[in-house]
Amino acid sequence: MRQPRALPRLFGSLLLVAAAGIAAIGAGPAPDRSVPDPSASTPRPLGQIVPAPASVSPGGAPYTLTPWTRIRVDQHSREAQQIGTYLAGVLRPSTGYALPLTDGPAPGGIRLRLSADERALGDEGYRLQSSPAGLTLTARKPAGLFHAVQTLRQLLPAAVEKDARQRGPWQVAGGTVTDTPRYAYRGAMLDVSRHFFTVDQVKLYIDQLALYKINKLHLHLSDDQGWRIAIDSWPRLATYGGSTQVGGGPGGYYTKAQYKEILGYAASRYLEVVPEIDMPGHTNAALASYAQLNCNGVAPPLYTGTDVGFSSLCVPKALTYDFVDDVLRELAALTPGKYLHIGGDEAHSTSHADYVAFMDKVQPIVAKYGKTVVGWHQLTGATPAKGALAQYWGLDDTSAEEKAQVARAARNGTGLILSPADRIYLDMKYNKDTPLGLDWAGFVEVRRAYDWDPGGYLPGAPASAVAGVEAPLWSETISTSDHIEFMAFPRVVGVAELGWSAASTHDWEAYRVRLAAQGPRMEALGIDFYRSPQVPWRSG
Ligand code: ACM
């Protein structure tokens with residue numbers, strides 16, 4: 001898991017220097033580094049994790065990791081073995097312990113257990129039991145075991161995340177955590193089109209998201225400014241359409257092998273990739289690559305600005321659907337996940353009738369290749385396919401009419417992914433001084449991103465229609481991993497909690513204290529998070 005972090009990274013951006021300076025001003029005095037993290041010497045309370053767990057029964061003496069600890073994994077599950085190896089990879093550098101994997105009895109060890117009988121734990125739930133006699137992680141499915149490992153990390157001192165050997169003790173408070181998620185869809189989106197991000201940058205973000213039990217990575221693979229995935233039947237999409245980005249840099253694209261590498265890495269962290277090809281608008285990169293896709297047969301120039309709403313595929317042309325079929329066929333063949341996201345937002349250069357006609361033709365292509373449609377919520381202005389998910393990105397002051405249209409679709413069976421822009425668009429500035437990001441949806445401080453309820457968010461939409469939440473990070477102003485970290489963290493942690501934790505646990509005052517405890521952990525991981533003055537950070 002440390003490989004992406006260990007790679008050389010660019011810290012040179014002036015913007016970043018400005019970000020750090022202004023963040024420090026915004027957060028008041030820098031933390032006093034002479035104050036030790038109290039959790040380094042006493043185990044942190046079992047419930048002190050993010051996302052908040054469903055149930056905690058503290059009790060008994062703590063579990064202590066020792067140089068003789070073994071990690072015992074049920075031999076018959078390859079996935080459990082891999083999770084054991086991943087856990088050892090997290091713990092070995094900082095503890096300096098050997099932590100061998102074993103399938104035999106391992107008294108006093110860490111046991112990873114998969115049990116089909118644990119029905120109540122569902123697809124992602126787990127139980128963590130800690131006592132001096134041992135630490136047992138139990139799940140019904142490997143994803144649950146992986147999430148249990150994330151909980152275990154957070155129960156150990158933050159220094160466990162460091163790359164070099166640290167002083168212990170390494171203790172986990174005694175008791176039991178039993179935990180299952182509220183929503184099955186807990187996502188983050190990365191816009192790799194406005195600025196391109198390398199495979200290693202995406203892997204790093206995946207590792208950071210996994211710590212908080214995010215389980216979907218939505219990749220916005222195409223937009224006006226760049227096409228980022230190789231498509232064999234239309235090669236110029238990537239080689240020409242991918243050759244630039246906002247501001248005119250070199251852009252880039254993923255070869256099919258690289259895209260598969262991202263998917264494999266995400267799968268090893270139990271994130272499913274949801275690829276998006278945005279259509280019929282946001283398509284200048286495609287239109288620039290192939291003149292024949294344009295209604296007038298003339299390719300527009302590549303675009304490196306930040307306007308929206310000026311491009312459209314040619315809805316009446318038959319070739320448009322050959323193109324869409326080829327792209328979605330190749331993408332579906334590469335993508336083991338359930339979903340293909342077809343965009344559908346800001347189609348301001350497409351008439352309403354054309355938009356509806358386009359979606360009527362394109363959604364069956366998604367189904368033909370065995371996938372489920374996801375679209376931005378404008379899709380509800382057409383006829384969403386059966387089983388489709390609409391991703392809502394409106395604001396508090398979005399018109400009642402537009403909200404009602406989405407709610408109506410939800411009542412008729414369309415699932416909802418909630419991404420309200422004035423709550424969880426990670427590219428919104430925190431405040432007027434934030435040196436990165438945009439502000440068209442307003443400023444979004446950490447409390448605002450956390451303090452709302454997905455279940456009751458959209459008037460008239462049944463709570464049962466909510467598949468989950470997703471935090472998009474648009475990249476008009478974002479071009480480095482440090483930018484990603486500064487805008488995503490800590491807001492995405494709150495989104496992870498909204499997605500995972502029961503509504504009954506929702507409490508800003510309690511959350512901000514648990515979030516503060518993540519500060520030393522994020523520091524140990526090298527995450528350059530925004531030190532919001534709303535959070536009582538402490539140093540580690
Ligand atoms: C969007 O922000 N245009 C989905």
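In listed order, ligands and their atoms are each counted from 1. Side chains are part of it too, since the values below use all heavy atoms of this structure and drop only hydrogens, waters and symmetry mates.
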A.B. asks: Below 3.5 Å, N or O to N or O, backbone or side chain included: is there any such pair between Y425 and ligand 1?
C.D. replies: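 In this structure, Y425 places an N or O atom under 3.5 Å from an N or O of ligand 1.
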A.B. asks: I'd like to know if R448 pairs up with D422 as an ion pair, taking the criterion as any Lys NZ or Arg NE/NH1/NH2 lying under 4.0 Å from an Asp or Glu carboxylate oxygen.
C.D. replies: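 Yes, R448 and D422 are salt-bridged.
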A.B. asks: Salt bridge between R194 and D427, side-chain N to carboxylate O under 4.0 Å?
C.D. replies: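 Salt bridge flag = no for D427 with R194.
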A.B. asks: With respect to E346, determine whether any N or O atom, backbone or side chain, lies less than 3.5 Å from an N or O atom of ligand 1.
C.D. replies: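 Such a contact does occur with ligand 1.
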A.B. asks: Within a distance under 4.0 Å of any heavy atom of D345, pick out the atoms of ligand 1 and give their elements.
C.D. replies: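 That gives atoms 1 (C), 3 (N), 4 (C) of ligand 1.
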A.B. asks: Counting from 1, what ligand 1 atoms have a heavy atom of W474 closer than 4.0 Å?
C.D. replies: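 Matching atoms, with element in brackets: 1 (C), 2 (O), 4 (C).
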A.B. asks: Is the centre of the Y303 ring less than 6.0 Å from the centre of the F310 ring?
C.D. replies: yes
A.B. asks: May I ask you to decide whether R512 forms a salt bridge with D451, counting only side-chain N to carboxylate O separations under 4.0 Å?
C.D. replies: no
